[in-house]
Structures are given as structure tokens and as C-alpha cells.
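To start, the structure under review is shown below, and the notes come after it.
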Amino acid sequence: MRSRLYPVFKYTVIALWACFVAGPFFWAMTTSFKNANAVQGGPTYIPWAQYEPTLTGWRNIFGGAGGIDVIDPFINSAIITIAASAISLALGSLAAYALSRYRFKLGFIKNSDIVFFFVSQRIMPPVVLVIPFFYLLQWGGLLDSIPGLVIVTVALLLPIAVWVMVDFFNGIPREIDEMAMLDGCPPFQTFVRAILPNSLPGLTVAAMFCAVFGWNDFFFAFRLTFTEVQTLPQAVVALNSSIPPWWTLSAAALFGVAPLVLLALWVERLLSKGNLSGAVR
């Protein structure tokens, strides 16, 4: 009896969780194709049967009347996320490889303490870091600029890259390093020619995490920019006025989350094909 009830319970929980996760997306999708009358008329979810679909919300996010133009904020977010993720992966991989293959000790500080130091940067509340970042960027003349946000985002993403890659490098046999060094490769060439080709699964997963956190950052972009630079999360939140245009806000939210959904589908496809074998531990 218990063996029969367990699958029913398991799939019921999975179905309820799926509805909980997909519910907001379904609501936003249906709302993005409504107009003011349809939104104010009460909850309706079936197009053509309960309401007449319209593209008003989608036109508004591309510069239509009463909306915003999301193209420039989208480009700004893409530049910041791609640049910061690439720099974080490059620096984080080098740091993670050193922490995985060499032993550092300064008094009571060991490799594990250094790794924890990196991870602890994500534990601190963002409000603790925003004032130092503000003064540093002001001193460097980088406030309200894309390079300034790239620097701040690198500082936020680097701990993630180090954390993911240290664990992955620990799983790569040291014999690979030794064989490369026997062939005459110095440490850096060993890392580039022997270790990195075997680390593509870990790099892909680390890149996905960096892209998600970098793309979704709102707090630092909001506090460290004024008029010259606006990211996509800022543009979406700017629509949330006292009487928000829910149709436009829903379209903008879906437009903002679409790149992350496509990225997740791509990584899931690699996982299903086995191309990222060993990337998830």
C-alpha cells in the first residue's frame, strides 16, 4: 500500500510545485496581452473567450505611448553581464586552480579559509558594500557609467566563480597536471592546455550562475547610477508607479526574464546530452 501511495504523493507535490512556479509566469503572460479595461474587469485568463488579446503592452515597452523603451537598458544589462561574467570566470578560474592545486598558509589561515573568505563576500548584505563602492567609483570618476557597474558586478560575481570552480578542480585528477608537466608544460600552460579543456562543464555552470546574478542585479545599479546609465531591472521597476500599467509591466518583466529562460534551456539541453557530465555535484 505504501509503495502505491508514494508515487501519487511524489507526483502531487511535483505538480503543486510546478503550478506554484509557473503561476506567476502564466499570469504575466496573460496580462501582457490585455488592455486597461481587461485588467480592471477582473481576473480573466483565457484569450478570445474571456478577453480580446491586444499588443498594447508589448508596443509600450518598445517606445509606445505611456511606456518605456527597453532596448537601451537591455543592451546596457547585456554588456555589463557579459563583461563581468567573462572577467569573473577568467580571474575566478585562475584563483580556484591555485587554491585547488597549491597549499597556502599564513598563520592559521589555510586554503579553506581563503575559499570561505570569497564566499563570505556574498553573505554580507549589499547595503554594507554600496557606500564603499560609491566612494571608490566617485574617486575614479566611474559613477553612473557602464565600466563602473562592470567593476562592481565583477566584485559580486567573482566569489561565485571561485566557489564553483574550486569544487570542480578538486574533482579533476592531479595526474593530468603531472603528465602535462612531464611533457614540459609550465604551470600556466598546464592550466590552459590540460585543465581548462577538461573543465568546460564547470565553466558552463559557473557562467550560468554569474549570468543570472549579474543580469538580475538591481540594488547596485539603482544606487550607483543616476541619468546616464539604466539597466533593464531599473527600467522594469520604473513602471511600478502608484497606478502601475500592469499590461506594460508584465510585458517588460517577461522580456527581461526571457534571456535567462533561454540560457537555462540551453544548459538543460547540454545536461540531457551528457555534455556537462560531472558539472553538478
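Owing to the predicted nature of the structure, the values given are computational and were not obtained by experimental measurement.
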Is there any salt bridge (charged side-chain N to carboxylate O under 4.0 Å, His left out) pair reaching into residues 171-191, and which pairs are they, with sequence neighbours excluded? Arg101-Asp177
Of all heavy-atom pairs between Pro187 and Met181, which one has the smallest distance, and what is that distance? CA-CE, 4.3 Å
Kindly determine whether Asp113 and Lys110 satisfy side-chain contact (heavy atoms from CB on, under 4.5 Å), including the steps that lead there. CA-CA 5 Å; Asp113 301 311; Lys110 300 179 293 185; 3.8 Å; yes
Would you compute the distance between atom CD1 of Ile80 and atom CG of Asp217 and round it to the nearest 0.5 angstrom? 8.5 Å
Test of understanding: clusters of I, L, V, M, F, W, Y form through side-chain heavy atoms closer than 4.5 Å, transitively. Do Tyr102 and Ile109 belong to the same one? yes
For Ala238 against Gln230, the heavy-atom pair lying closest together: CB-NE2, 4.4 Å
Could you measure the distance from the CD1 atom of Ile195 to the SG atom of Cys185? Nearest 0.5 Å is fine. 10.5 Å
How would you list all residue pairs meeting ring-ring contact (aromatic ring centres under 6.0 Å, His included) that involve residues 128-167, not counting sequence neighbours? Phe133-Phe220
Between Ser93 and Leu203, what is the shortest heavy-atom contact and its length? OG-CD2, 3.3 Å
Check side chain to side chain donor-acceptor pair (under 3.5 Å) between Gln234 and all other residues, then give those that pass, not counting sequence neighbours. Thr225, Thr231
Please report the shortest heavy-atom distance between Ser199 and Ile172, naming the atom on each side. OG-CD1, 3.4 Å
Suppose the criterion is side chain to side chain donor-acceptor pair (under 3.5 Å): which pairs have a residue in residues 72-92, not counting sequence neighbours? none
ILVMFWY network linking Phe26 to Met29, side-chain heavy atoms under 4.5 angstrom: yes
For a 4.5 angstrom cut-off between non-hydrogen side-chain atoms, does Leu156 reach Gln121? no
To the nearest 0.5 Å, how far apart are CG in Asn35 and CD in Glu52? 9.5 Å
Hydrophobic clustering (ILVMFWY, side-chain heavy atoms < 4.5 Å, transitive) - are Phe169 and Phe117 grouped together? no
Where at least one partner belongs to residues 178-202, residue pairs that pass ring-ring contact (aromatic ring centres under 6.0 Å, His included), sequence neighbours excluded: Tyr97-Phe191
Separation between CZ of Arg103 and CG of Asn111, rounded to the nearest 0.5 Å: 5.0 Å
Output, in order, the C-alpha distance, side-chain angles, deciding distance and verdict of side-chain contact (heavy atoms from CB on, under 4.5 Å) for Lys34 and Thr56. CA-CA 7 Å; Lys34 297 179 181 179; Thr56 301; over 6 Å; no
Taking atom CZ as the centre, does Phe226 end up with more than 12 heavy-atom neighbours from other residues, nucleotides or ligands that are less than 6.0 angstrom away? yes
Joint cluster assignment, Phe20 & Phe25, ILVMFWY side-chain distance < 4.5 Å: no
With side-chain contact (heavy atoms from CB on, under 4.5 Å) as the test, would you mind laying out the steps for Leu99 and Phe118 before giving the verdict? CA-CA 11 Å; Leu99 290 169; Phe118 278 106; 4.3 Å; yes
Measure across Leu263 and Ala211 and return the closest heavy-atom pair with its distance rounded to 0.1 Å. CD2-CB, 3.8 Å
When rounded to the nearest 0.5 angstrom, what distance separates CG in Leu136 from CG in Leu224? 10.0 Å
Could you state the interatomic distance from CE (Met208) to CH2 (Trp266), rounded to the nearest 0.5 Å? 10.0 Å
Within the 4.5 Å heavy-atom criterion, are Trp58 and Trp247 side-chain neighbours or not? no
Ignoring hydrogens, what is the shortest heavy-atom contact between Val229 and Ile146? Give both atom names and the distance. CG2-N, 3.9 Å
Decide if atom CZ of Phe116 counts as having more than 12 heavy atoms of other residues, nucleotides or ligands within a radius under 6.0 Å. no
Tyr11 vs Ile14 side-chain heavy atoms within contact, under 4.5 Å: yes
For Thr30 and Trp27, indicate whether the former's side chain and the latter's backbone hold a donor-acceptor pair under 3.5 Å. yes
Same apolar cluster (I L V M F W Y, side chains within < 4.5 Å links), Val257/Leu265: yes
Over 12 foreign heavy atoms within 6.0 Å of CZ, Phe218: yes
Considering residues at least two apart in sequence or located in another chain, which fulfil the side chain to side chain donor-acceptor pair (under 3.5 Å) criterion with Ser100? Asn170
Decide yes or no on side-chain contact (heavy atoms from CB on, under 4.5 Å) for Phe255 and Val236, but give the supporting numbers first. CA-CA 10 Å; Phe255 182 78; Val236 174; over 6 Å; no
Audit row: Phe74, Phe62, ring pair (Phe, Tyr, Trp, His ring centres under 6.0 Å) steps and yes/no: CA-CA 11 Å; Phe74 180 90; Phe62 294 107; 9.5 Å; no
Count the heavy atoms belonging to other residues, nucleotides or ligands that lie under 6.0 Å from CD1 of Ile131, then report whether that count exceeds 12. no
Is the number of heavy atoms from other residues, nucleotides or ligands within 6.0 Å of CZ (Phe209) greater than 12? no
